[in-house]
Amino acid sequence: MPEGPELHLASIFVNRMCSGVVFTGPVQKSEVSKNLEVPFSCKAYTITASSRGKEVCLTLTSQKSDPTLGGSRRPKTGQVDQVQPQTMNVVFRFGMSGYFRFTVEEELPKHAHLQFYTNEKPCRVLSFVDPRRFGSWQPNGTWQAARGPCVMFQYQSFRENVLSHLSDRVFDRPICEVLLNQKYFNGIGNYLRAEILFRSNIPPFVMARTVLEGLKSKDEPEEKKNLVELSSKVAVKTKVKKEEKMEVNLEEEAENPDLLRLCNLVPLEVIKLGGKGYDPEKNDYSGFKMWLRCYEVDGMRSIRDHNGRTMWFMGAPGPMTPKGSKSPKAKKRLKEDPDVKHRIIKKTSTVIQTKPKAIRNEKEGRRKYVSRQEVRGTPRRPGQSRASCSAEAPRRRSGRVSQNTPS
DNA sequence: CGTCCACGTCTAC
DNA sequence: TAGACCTGGACGG
(Lines give C-alpha, C1' and ligand atoms only; values in the text may rest on other atoms or scores of the structure.)
Protein backbone atom coordinates (compact mmCIF):
# COMPACT_ATOMS: atom_id res chain seq x y z
CA MET A 1 0.00 0.00 0.00
CA PRO A 2 2.35 2.63 -1.11
CA GLU A 3 1.44 6.01 0.30
CA GLY A 4 3.72 8.16 2.41
CA PRO A 5 3.77 5.87 5.45
CA GLU A 6 4.57 2.78 3.41
CA LEU A 7 7.38 4.56 1.62
CA HIS A 8 8.83 5.58 4.95
CA LEU A 9 8.44 2.09 6.37
CA ALA A 10 10.19 0.82 3.26
CA SER A 11 13.15 3.05 4.04
CA ILE A 12 13.22 1.75 7.60
CA PHE A 13 13.06 -1.78 6.27
CA VAL A 14 16.03 -1.21 3.98
CA ASN A 15 18.09 0.38 6.73
CA ARG A 16 17.33 -2.44 9.13
CA MET A 17 17.96 -5.26 6.69
CA CYS A 18 21.02 -3.76 5.06
CA SER A 19 22.78 -2.55 8.17
CA GLY A 20 26.26 -4.05 8.11
CA VAL A 21 25.58 -5.86 4.85
CA VAL A 22 28.05 -5.50 2.00
CA PHE A 23 26.82 -5.47 -1.57
CA THR A 24 28.87 -6.16 -4.62
CA GLY A 25 28.90 -6.08 -8.39
CA PRO A 26 26.51 -4.36 -10.75
CA VAL A 27 22.93 -3.41 -10.05
CA GLN A 28 20.68 -5.62 -12.13
CA LYS A 29 17.55 -4.51 -13.89
CA SER A 30 14.92 -6.90 -15.17
CA GLU A 31 14.54 -7.18 -18.93
CA VAL A 32 10.93 -6.21 -18.89
CA SER A 33 11.32 -3.00 -16.93
CA LYS A 34 11.33 0.18 -18.98
CA ASN A 35 13.13 2.10 -16.28
CA LEU A 36 16.73 3.16 -16.65
CA GLU A 37 19.70 0.99 -15.89
CA VAL A 38 21.48 1.94 -12.70
CA PRO A 39 25.10 2.44 -13.76
CA PHE A 40 26.69 1.57 -10.47
CA SER A 41 29.07 -1.28 -9.92
CA CYS A 42 31.45 -1.74 -7.08
CA LYS A 43 33.37 -4.52 -5.37
CA ALA A 44 32.01 -3.52 -2.01
CA TYR A 45 29.30 -1.03 -1.21
CA THR A 46 26.60 -0.37 1.36
CA ILE A 47 23.00 0.75 1.05
CA THR A 48 21.06 3.19 3.18
CA ALA A 49 17.64 4.67 2.62
CA SER A 50 15.61 7.75 3.39
CA SER A 51 12.14 8.91 2.45
CA ARG A 52 10.31 12.11 1.68
CA GLY A 53 6.59 12.04 1.03
CA LYS A 54 5.95 9.42 -1.61
CA GLU A 55 9.58 8.89 -2.59
CA VAL A 56 12.39 6.72 -1.25
CA CYS A 57 16.05 7.44 -1.86
CA LEU A 58 18.60 4.63 -1.78
CA THR A 59 22.16 5.76 -1.24
CA LEU A 60 24.81 3.39 -2.57
CA THR A 61 28.21 4.04 -1.01
CA SER A 62 31.39 2.28 -2.02
CA GLN A 63 33.42 1.10 0.92
CA LYS A 64 36.83 1.82 -0.50
CA SER A 65 38.01 5.07 -1.89
CA ASP A 66 38.72 3.46 -5.22
CA PRO A 67 35.65 1.77 -6.59
CA THR A 68 36.38 -1.04 -8.94
CA LEU A 69 35.12 -1.48 -12.39
CA GLY A 70 32.66 -4.22 -12.89
CA GLY A 71 29.65 -2.83 -14.61
CA SER A 72 29.22 -5.13 -17.54
CA ARG A 73 26.68 -2.89 -19.11
CA ARG A 74 28.32 0.42 -18.65
CA PRO A 75 28.93 1.89 -22.06
CA LYS A 76 31.58 4.25 -20.86
CA THR A 77 34.46 5.08 -23.07
CA GLY A 78 38.15 5.50 -22.39
CA GLN A 79 39.12 5.83 -18.80
CA VAL A 80 37.08 3.59 -16.64
CA ASP A 81 38.02 3.52 -13.01
CA GLN A 82 37.60 7.22 -12.54
CA VAL A 83 34.15 7.22 -14.04
CA GLN A 84 32.67 5.15 -11.26
CA PRO A 85 30.84 7.19 -8.70
CA GLN A 86 31.70 6.68 -5.10
CA THR A 87 28.19 7.17 -4.05
CA MET A 88 24.99 7.19 -5.98
CA ASN A 89 21.46 8.15 -5.03
CA VAL A 90 18.60 6.27 -6.65
CA VAL A 91 15.19 7.82 -6.07
CA PHE A 92 12.18 5.52 -6.20
CA ARG A 93 8.50 6.06 -6.65
CA PHE A 94 6.38 3.02 -5.89
CA GLY A 95 3.44 3.43 -8.21
CA MET A 96 0.53 1.27 -7.10
CA SER A 97 2.38 -1.85 -6.12
CA GLY A 98 6.04 -1.22 -5.38
CA TYR A 99 7.95 -2.49 -2.34
CA PHE A 100 11.36 -3.74 -1.26
CA ARG A 101 12.27 -7.25 -0.28
CA PHE A 102 15.46 -8.83 0.97
CA THR A 103 15.78 -12.53 0.17
CA VAL A 104 18.28 -15.17 -0.77
CA GLU A 105 18.98 -15.28 -4.44
CA GLU A 106 17.00 -18.48 -4.94
CA GLU A 107 13.89 -16.84 -3.58
CA LEU A 108 13.93 -13.74 -5.71
CA PRO A 109 10.30 -12.62 -5.86
CA LYS A 110 8.41 -12.46 -9.08
CA HIS A 111 8.44 -8.95 -10.51
CA ALA A 112 11.72 -8.02 -8.85
CA HIS A 113 12.74 -5.32 -11.32
CA LEU A 114 15.86 -3.93 -9.70
CA GLN A 115 18.30 -6.06 -7.74
CA PHE A 116 21.23 -5.37 -5.44
CA TYR A 117 23.43 -8.40 -4.66
CA THR A 118 25.33 -8.98 -1.44
CA ASN A 119 28.78 -10.51 -1.24
CA GLU A 120 27.58 -13.25 1.11
CA LYS A 121 27.98 -17.00 0.64
CA PRO A 122 24.41 -17.79 -0.03
CA CYS A 123 23.96 -14.54 -1.87
CA ARG A 124 21.11 -12.34 -0.77
CA VAL A 125 19.36 -9.73 -2.83
CA LEU A 126 17.69 -6.46 -2.00
CA SER A 127 15.10 -6.09 -4.72
CA PHE A 128 12.54 -3.56 -5.78
CA VAL A 129 9.41 -5.55 -6.51
CA ASP A 130 6.63 -3.99 -8.52
CA PRO A 131 4.03 -6.25 -10.16
CA ARG A 132 2.21 -3.50 -12.02
CA ARG A 133 5.36 -1.67 -13.03
CA PHE A 134 3.90 1.78 -12.40
CA GLY A 135 6.81 2.45 -10.11
CA SER A 136 9.99 4.11 -11.27
CA TRP A 137 13.49 4.96 -10.21
CA GLN A 138 16.03 7.56 -11.19
CA PRO A 139 19.76 6.86 -11.07
CA ASN A 140 21.62 9.85 -9.70
CA GLY A 141 18.19 11.11 -8.80
CA THR A 142 17.01 13.83 -6.47
CA TRP A 143 13.70 14.44 -4.76
CA GLN A 144 11.30 15.37 -7.49
CA ALA A 145 11.25 19.15 -7.71
CA ALA A 146 7.54 19.37 -8.34
CA ARG A 147 6.71 17.60 -5.10
CA GLY A 148 6.16 19.57 -1.94
CA PRO A 149 7.54 19.04 1.55
CA CYS A 150 6.84 15.74 3.27
CA VAL A 151 3.56 15.79 5.19
CA MET A 152 5.05 13.47 7.81
CA PHE A 153 8.54 14.80 8.46
CA GLN A 154 8.51 18.36 7.18
CA TYR A 155 5.29 19.39 8.79
CA GLN A 156 5.98 23.06 9.30
CA SER A 157 7.17 23.73 5.77
CA PHE A 158 4.40 21.54 4.39
CA ARG A 159 1.87 23.66 6.23
CA GLU A 160 3.41 26.92 5.15
CA ASN A 161 3.66 25.74 1.56
CA VAL A 162 -0.08 25.14 1.49
CA LEU A 163 -1.21 28.23 3.36
CA SER A 164 1.02 30.59 1.42
CA HIS A 165 -0.26 29.40 -1.95
CA LEU A 166 -3.98 29.40 -1.49
CA SER A 167 -4.40 31.71 -4.48
CA ASP A 168 -3.12 28.87 -6.66
CA ARG A 169 -5.84 27.70 -8.97
CA VAL A 170 -5.37 24.13 -7.84
CA PHE A 171 -7.26 25.10 -4.68
CA ASP A 172 -10.34 25.77 -6.81
CA ARG A 173 -10.90 22.05 -6.76
CA PRO A 174 -12.65 19.96 -4.15
CA ILE A 175 -10.56 19.35 -1.09
CA CYS A 176 -10.52 15.59 -1.60
CA GLU A 177 -8.92 15.99 -5.02
CA VAL A 178 -6.41 18.60 -3.89
CA LEU A 179 -5.26 16.25 -1.15
CA LEU A 180 -3.86 14.01 -3.88
CA ASN A 181 -1.85 16.86 -5.40
CA GLN A 182 1.73 15.99 -4.53
CA LYS A 183 2.92 19.53 -5.09
CA TYR A 184 1.20 20.39 -1.83
CA PHE A 185 0.44 17.08 -0.14
CA ASN A 186 3.49 14.95 -0.75
CA GLY A 187 2.72 11.62 0.85
CA ILE A 188 -1.07 11.64 0.83
CA GLY A 189 -2.82 9.02 -1.25
CA ASN A 190 -6.25 7.60 -1.68
CA TYR A 191 -6.70 5.85 1.63
CA LEU A 192 -5.12 8.70 3.60
CA ARG A 193 -7.36 11.37 2.10
CA ALA A 194 -10.38 9.34 3.11
CA GLU A 195 -9.13 8.79 6.64
CA ILE A 196 -8.06 12.41 7.06
CA LEU A 197 -11.29 13.96 5.82
CA PHE A 198 -13.31 11.49 7.81
CA ARG A 199 -11.62 12.53 11.02
CA SER A 200 -11.84 16.22 10.26
CA ASN A 201 -15.54 15.90 9.52
CA ILE A 202 -15.09 17.83 6.31
CA PRO A 203 -17.24 16.80 3.34
CA PRO A 204 -14.92 15.72 0.53
CA PHE A 205 -16.36 17.87 -2.23
CA VAL A 206 -16.05 21.29 -0.63
CA MET A 207 -13.77 23.73 -2.41
CA ALA A 208 -10.28 23.33 -0.97
CA ARG A 209 -9.67 27.05 -0.58
CA THR A 210 -12.81 27.40 1.49
CA VAL A 211 -11.58 24.74 3.85
CA LEU A 212 -8.00 25.95 4.08
CA GLU A 213 -8.52 29.70 4.29
CA GLY A 214 -9.97 29.20 7.73
CA LEU A 215 -6.70 27.72 8.92
CA LYS A 216 -4.64 30.72 7.99
CA SER A 217 -5.67 32.90 10.88
CA LYS A 218 -4.58 30.29 13.36
CA ASP A 219 -1.06 30.65 12.10
CA GLU A 220 -0.94 34.41 12.21
CA PRO A 221 -0.32 35.20 15.89
CA GLU A 222 3.32 35.93 16.47
CA GLU A 223 3.31 33.76 19.54
CA LYS A 224 3.36 31.06 17.00
CA LYS A 225 7.06 31.60 16.50
CA ASN A 226 7.65 29.39 19.45
CA LEU A 227 5.71 26.59 17.98
CA VAL A 228 8.10 25.37 15.34
CA GLU A 229 7.58 21.76 14.48
CA LEU A 230 5.43 20.56 17.31
CA SER A 231 6.79 17.13 17.63
CA SER A 232 4.55 15.83 20.33
CA LYS A 233 1.85 16.86 22.70
CA VAL A 234 4.24 16.61 25.59
CA ALA A 235 6.80 18.82 23.97
CA VAL A 236 4.13 21.32 23.26
CA LYS A 237 2.86 21.44 26.79
CA THR A 238 6.21 22.02 28.38
CA LYS A 239 7.03 24.69 25.94
CA VAL A 240 4.13 26.94 26.58
CA LYS A 241 3.98 27.25 30.31
CA LYS A 242 4.00 30.99 30.18
CA GLU A 243 1.17 32.09 27.97
CA GLU A 244 -2.22 31.16 29.24
CA LYS A 245 -3.84 32.02 25.99
CA MET A 246 -1.33 30.05 24.07
CA GLU A 247 -1.88 27.07 26.28
CA VAL A 248 -5.47 27.15 25.21
CA ASN A 249 -4.55 27.35 21.57
CA LEU A 250 -2.22 24.46 21.85
CA GLU A 251 -4.67 22.41 23.77
CA GLU A 252 -7.11 23.00 21.04
CA GLU A 253 -4.49 22.14 18.49
CA ALA A 254 -3.69 18.92 20.28
CA GLU A 255 -7.23 17.91 21.08
CA ASN A 256 -8.76 19.08 17.89
CA PRO A 257 -6.16 19.01 15.15
CA ASP A 258 -7.12 20.88 12.01
CA LEU A 259 -7.02 19.42 8.53
CA LEU A 260 -3.36 20.16 7.87
CA ARG A 261 -2.32 18.78 11.20
CA LEU A 262 -4.27 15.62 10.43
CA CYS A 263 -2.33 15.35 7.18
CA ASN A 264 0.67 14.95 9.46
CA LEU A 265 -0.77 12.93 12.35
CA VAL A 266 -2.78 10.36 10.45
CA PRO A 267 0.14 9.11 8.32
CA LEU A 268 2.31 9.06 11.44
CA GLU A 269 -0.20 6.71 13.03
CA VAL A 270 0.26 4.30 10.15
CA ILE A 271 3.99 4.43 10.62
CA LYS A 272 3.49 3.56 14.26
CA LEU A 273 1.60 0.48 13.20
CA GLY A 274 4.95 -0.58 11.85
CA GLY A 275 5.16 -3.94 10.21
CA LYS A 276 1.42 -4.25 10.30
CA GLY A 277 1.28 -1.52 7.72
CA TYR A 278 4.30 -2.62 5.77
CA ASP A 279 6.08 -5.87 6.21
CA PRO A 280 6.93 -7.80 3.11
CA GLU A 281 8.00 -10.79 5.14
CA LYS A 282 4.87 -11.33 7.13
CA ASN A 283 2.25 -10.55 4.61
CA ASP A 284 -0.19 -9.45 7.26
CA TYR A 285 -2.27 -6.36 6.83
CA SER A 286 -4.82 -7.12 9.52
CA GLY A 287 -3.48 -4.43 11.81
CA PHE A 288 -3.72 -1.89 9.06
CA LYS A 289 -7.20 -2.99 8.11
CA MET A 290 -8.27 -2.65 11.69
CA TRP A 291 -6.85 0.82 11.77
CA LEU A 292 -8.90 2.07 8.83
CA ARG A 293 -12.04 3.89 9.89
CA CYS A 294 -13.42 4.93 6.53
CA TYR A 295 -11.55 3.66 3.48
CA GLU A 296 -13.30 0.53 2.21
CA VAL A 297 -15.10 0.25 5.51
CA ASP A 298 -18.51 -1.32 5.44
CA GLY A 299 -21.21 1.26 5.90
CA MET A 300 -19.17 4.11 4.43
CA ARG A 301 -20.16 5.80 1.19
CA SER A 302 -18.01 6.07 -1.89
CA ILE A 303 -18.16 7.91 -5.18
CA ARG A 304 -15.80 8.59 -8.04
CA ASP A 305 -14.11 11.96 -7.98
CA HIS A 306 -13.45 14.06 -11.09
CA ASN A 307 -10.37 11.99 -11.83
CA GLY A 308 -12.12 8.68 -11.53
CA ARG A 309 -10.65 7.85 -8.17
CA THR A 310 -12.86 6.38 -5.51
CA MET A 311 -13.52 8.74 -2.61
CA TRP A 312 -14.63 7.08 0.62
CA PHE A 313 -16.50 9.23 3.09
CA MET A 314 -19.33 9.49 5.55
CA GLY A 315 -22.22 11.92 5.51
CA ALA A 316 -22.73 14.68 3.00
CA PRO A 317 -20.47 14.68 -0.07
CA GLY A 318 -20.44 18.47 -0.44
CA PRO A 319 -21.38 21.01 -3.11
CA MET A 320 -18.72 20.16 -5.69
CA THR A 321 -19.75 16.55 -6.03
CA PRO A 322 -19.21 15.37 -9.61
CA LYS A 323 -22.41 15.30 -11.60
CA GLY A 324 -23.60 11.89 -12.55
CA SER A 325 -20.93 10.31 -10.47
CA LYS A 326 -21.92 7.04 -9.12
CA SER A 327 -20.50 4.91 -6.46
CA PRO A 328 -18.39 2.09 -7.74
CA LYS A 329 -19.72 -1.34 -7.34
CA ALA A 330 -20.65 -1.97 -3.77
CA LYS A 331 -17.95 -3.97 -2.18
CA LYS A 332 -19.78 -7.04 -1.17
CA ARG A 333 -17.59 -9.38 -3.04
CA LEU A 334 -17.11 -11.93 -0.36
CA LYS A 335 -19.72 -14.12 1.12
CA GLU A 336 -21.06 -13.91 4.60
CA ASP A 337 -18.92 -15.39 7.26
CA PRO A 338 -20.44 -15.42 10.73
CA ASP A 339 -17.04 -15.58 12.32
CA VAL A 340 -16.02 -12.17 11.19
CA LYS A 341 -19.05 -10.06 11.71
CA HIS A 342 -17.45 -8.43 14.64
CA ARG A 343 -14.57 -6.21 15.20
CA ILE A 344 -12.85 -4.62 18.11
CA ILE A 345 -13.35 -0.97 18.68
CA LYS A 346 -10.00 -0.16 20.03
CA LYS A 347 -9.04 2.94 21.85
CA THR A 348 -6.21 4.73 20.29
CA SER A 349 -3.53 6.48 22.22
CA THR A 350 -3.64 9.55 20.10
CA VAL A 351 -5.29 12.75 21.05
CA ILE A 352 -7.38 12.52 17.97
CA GLN A 353 -11.00 11.97 18.62
CA THR A 354 -11.67 8.33 18.26
CA LYS A 355 -15.01 7.24 17.16
CA PRO A 356 -16.43 3.84 16.73
CA LYS A 357 -15.97 2.88 13.17
CA ALA A 358 -18.60 1.49 11.09
CA ILE A 359 -18.30 -2.21 11.08
CA ARG A 360 -15.64 -3.68 8.92
CA ASN A 361 -16.24 -4.90 5.48
CA GLU A 362 -16.66 -8.62 5.62
CA LYS A 363 -13.93 -8.85 3.06
CA GLU A 364 -11.31 -8.11 5.63
CA GLY A 365 -11.92 -11.11 7.74
CA ARG A 366 -11.69 -13.41 4.83
CA ARG A 367 -8.36 -12.40 3.50
CA LYS A 368 -6.13 -15.35 3.83
CA TYR A 369 -3.61 -13.44 5.87
CA VAL A 370 -6.04 -12.14 8.45
CA SER A 371 -6.02 -13.86 11.75
CA ARG A 372 -9.57 -14.26 12.84
CA GLN A 373 -9.15 -13.90 16.52
CA GLU A 374 -8.22 -10.31 15.95
CA VAL A 375 -11.55 -9.52 14.46
CA ARG A 376 -14.22 -9.86 17.01
CA GLY A 377 -15.78 -8.24 19.99
CA THR A 378 -18.23 -5.70 18.73
CA PRO A 379 -21.67 -6.71 17.63
CA ARG A 380 -22.28 -5.90 14.08
CA ARG A 381 -24.93 -3.44 13.19
CA PRO A 382 -26.22 -4.55 9.84
CA GLY A 383 -27.05 -1.95 7.28
CA GLN A 384 -25.97 0.80 9.56
CA SER A 385 -26.65 4.18 8.13
CA ARG A 386 -24.46 7.21 8.38
CA ALA A 387 -27.10 8.86 10.46
CA SER A 388 -26.77 6.18 13.05
CA CYS A 389 -23.01 6.50 12.86
CA SER A 390 -23.20 10.16 13.67
CA ALA A 391 -25.71 9.69 16.39
CA GLU A 392 -23.78 7.12 18.30
CA ALA A 393 -20.50 8.87 17.92
CA PRO A 394 -20.75 12.56 17.36
CA ARG A 395 -17.37 13.78 16.38
CA ARG A 396 -15.90 17.03 17.44
CA ARG A 397 -16.57 19.78 15.07
CA SER A 398 -13.50 20.77 13.20
CA GLY A 399 -14.32 24.33 14.04
CA ARG A 400 -14.25 26.54 11.08
CA VAL A 401 -15.15 24.51 8.14
CA SER A 402 -18.11 22.50 9.07
CA GLN A 403 -20.58 25.30 8.74
CA ASN A 404 -19.60 25.95 5.18
CA THR A 405 -20.92 22.69 4.10
CA PRO A 406 -24.48 22.02 3.27
CA SER A 407 -25.86 18.80 4.44
C1' DC B 1 -13.95 -17.92 -18.83
C1' DG B 2 -14.88 -12.50 -18.48
C1' DT B 3 -15.47 -7.99 -15.88
C1' DC B 4 -14.28 -4.84 -12.37
C1' DC B 5 -11.20 -3.01 -9.20
C1' DA B 6 -6.72 -1.60 -6.93
C1' DC B 7 -2.39 2.24 -1.94
C1' DG B 8 -0.21 6.61 -8.81
C1' DT B 9 1.52 9.10 -11.76
C1' DC B 10 2.29 10.76 -16.80
C1' DT B 11 1.39 12.79 -21.71
C1' DA B 12 -1.29 13.61 -25.14
C1' DC B 13 -5.69 15.21 -27.40
C1' DT C 1 -10.30 15.32 -18.79
C1' DA C 2 -9.50 11.03 -20.94
C1' DG C 3 -6.49 7.57 -21.78
C1' DA C 4 -2.16 4.84 -20.95
C1' DC C 5 0.62 2.16 -18.37
C1' DC C 6 0.38 -3.06 -15.93
C1' DT C 7 -0.62 -7.48 -13.05
C1' DG C 8 -3.55 -10.00 -10.21
C1' DG C 9 -7.33 -10.85 -6.96
C1' DA C 10 -12.34 -11.12 -6.26
C1' DC C 11 -16.42 -12.07 -8.15
C1' DG C 12 -20.04 -13.54 -11.64
C1' DG C 13 -21.70 -16.60 -15.30
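Computed from heavy atoms alone, side chains included, the values below leave out hydrogens, waters and symmetry copies. Here the structure is a predicted model, which means the values were calculated and not measured. Numbered from 1 within each chain, the chains take letters A, B, ... in sequence-line order.
In this structure, Glu195(A) reaches neither bases nor backbone, as no heavy-atom distance under 4.0 Å exists between it and the strands shown. Among the atoms of the strands shown, only primed sugar atoms or phosphate atoms (P, OP1, OP2) are found under 4.0 Å from some heavy atom of Arg147(A). Backbone-only contact: Thr310(A) has heavy atoms under 4.0 Å from sugar-phosphate atoms and none from a base.
As rounded to whole Å, 9 Å separates atom C1' of dT1(C) from atom CZ of Arg173(A). One atom, CG of Asn181(A), and another, P of dG8(B), lie 13 Å apart when rounded to the nearest Å. Between Arg193(A) atom CZ and dT9(B) atom P the separation is 12 Å, expressed in whole Å. Rounded to an integer number of Å, the gap from CE of Met96(A) to C1' of dT9(B) is 10 Å. At whole-Å resolution of the value, CD in Glu3(A) and P in dT9(B) are 9 Å apart. Atom CD in Glu177(A) sits roughly 15 Å away from atom P in dT9(B) (whole-Å rounding). For the pair His306(A) NE2 and dG8(B) P, the interatomic distance rounds to 19 Å; values are reported in whole Å. Residue Asp305(A) contributes atom CG, which lies 11 Å from atom P of dA6(B) at whole-angstrom precision.
For the C1' atom pair drawn from dT7(C) and dT11(B), the interatomic distance equals 22 Å after rounding to whole Å. For the P atoms, the distance linking dC5(B) with dG13(C) amounts to 15 Å, nearest Å.
For the pair Val151(A)/Pro267(A), a side-chain contact is recorded, criterion being any heavy-atom separation below 4.5 Å from C-beta on.
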Derivation and outcome, salt bridge (charged side-chain N to carboxylate O under 4.0 Å, His left out), residues Asp305(A) and Arg173(A)
CA-CA 11 Å; Asp305(A) 70 15; Arg173(A) 320 237 76 228; over 6 Å; no
Arg199(A)/Glu269(A) under salt bridge (charged side-chain N to carboxylate O under 4.0 Å, His left out): CA gap, chis, key distance, verdict:
CA-CA 13 Å; Arg199(A) 295 202 197 186; Glu269(A) 280 188 30; 2.7 Å; yes
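In this structure, Arg124(A) fails the cation-pi test against Tyr117(A), since its NZ or CZ atom is not both closer than 6.0 Å to the six-membered ring centre and inside 45 degrees of the ring normal.
Among dC10(B), dC5(B), dG8(C), the nucleotide with an atom closest to any side-chain atom of His111(A) is dG8(C). Of all nucleotides listed (dC10(B), dA6(B), dT9(B)), dC10(B) comes nearest to the side chain of Arg93(A). Among the nucleotides dA6(B), dG8(B), dC10(B), the one closest to any side-chain atom of Arg304(A) is dA6(B).
By the 4.0 Å N-to-carboxylate-O rule, Arg169(A) lies close enough to Asp172(A) to be salt-bridged with it. With respect to the salt-bridge test (charged N to carboxylate O, under 4.0 angstrom), the residues Lys110(A) and Asp130(A) do not qualify.
Stacking between Phe134(A) and the base of dC5(C) is present: ring centres sit under 5.5 Å apart and the planes differ by under 30 degrees.
Not one side-chain nitrogen or oxygen of Arg133(A) sits closer than 4.0 Å to the OP1 or OP2 atom of dG8(C). Under 4.0 angstrom from either OP1 or OP2 of dG8(B) there lies at least one side-chain N or O belonging to Arg309(A). For the OP1/OP2 pair of dG8(B) and a distance below 4.0 Å, the side-chain nitrogens and oxygens of Gln182(A) include no atom meeting the criterion. Contact annotation: Lys110(A) side-chain N/O to dG8(C) OP1/OP2 distance is under 4.0 Å.
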